[in-house]
Amino acid sequence: MLAALFIAGYAILLYWGLREIWKKRRKSDAITYGLLLGWCAYLNLAMLFHGPLITLASLHRILFLPASRWLKHMLEGGGGG
């Protein structure tokens, strides 16, 4: 029941916000607004259902740390060639 209220609330916010943005004919702002609102809804529902939280910090850990370790390894002469 609580999840349905969250989804309905986010849908109302999306409708009101996009209506105002489309009046100004700003497509990039509408896309950004929709993505940010979707991200907020995802985080809210993931916390509600104790699901996996993919935050900016976890994306940094997943994407950039392995690449930086590999680059450090290569720059220190561990290329194996």
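Note that the numbering runs from 1 along the sequence shown for the chain.
Here the CG atom belonging to Leu63 is positioned 11.0 Å from the OG atom belonging to Ser68, to the nearest 0.5 angstrom. With rounding to the nearest 0.5 Å, the separation of CG in Leu14 from CD1 in Ile7 is 13.0 Å. Between the CG atom in Leu75 and the NE2 atom in His73 there is a gap of 10.5 Å [rounded to 0.5 Å].
In this structure the side chain of Leu35 never reaches within 4.5 angstrom of the side chain of Trp39, judged on heavy atoms.
When all heavy atoms are compared, the tightest approach of Ala46 to Pro52 is CB-O, 3.8 Å.
Legend: residues meeting salt bridge (charged side-chain N to carboxylate O under 4.0 Å, His left out) with Arg61, ordered by chain and number and at least two apart, are absent. In terms of the side-chain hydrogen bond (donor to acceptor under 3.5 Å, both in side chains) criterion, residue partners of Tyr10 (sequence neighbours excluded) are, by chain and number, Asn44.
Within the structure, the ring-ring contact (aromatic ring centres under 6.0 Å, His included) test picks out the following pairs touching residues 51-71 (sequence neighbours left out): His60-Phe64.
Within a 6.0 Å radius of CZ in Arg19, other residues, nucleotides and ligands contribute more than 12 heavy atoms.
A continuous path of ILVMFWY side-chain contacts below 4.5 Å connects Leu53 to Leu59, so both sit in one hydrophobic cluster. Taken together through direct or relayed side-chain contacts under 4.5 Å among Ile, Leu, Val, Met, Phe, Trp and Tyr, Phe49 and Leu2 form part of one hydrophobic cluster. By the rule that hydrophobic residues join a cluster once side-chain heavy atoms approach within less than 4.5 Å of another member, Leu13 and Leu45 end up as members of separate clusters.
Here the options are Leu37, Ile31, Leu36, Asp29, the test is side chain to side chain contact (heavy atoms under 4.5 Å, CB included), and the partner is Tyr33; only Leu37 passes.
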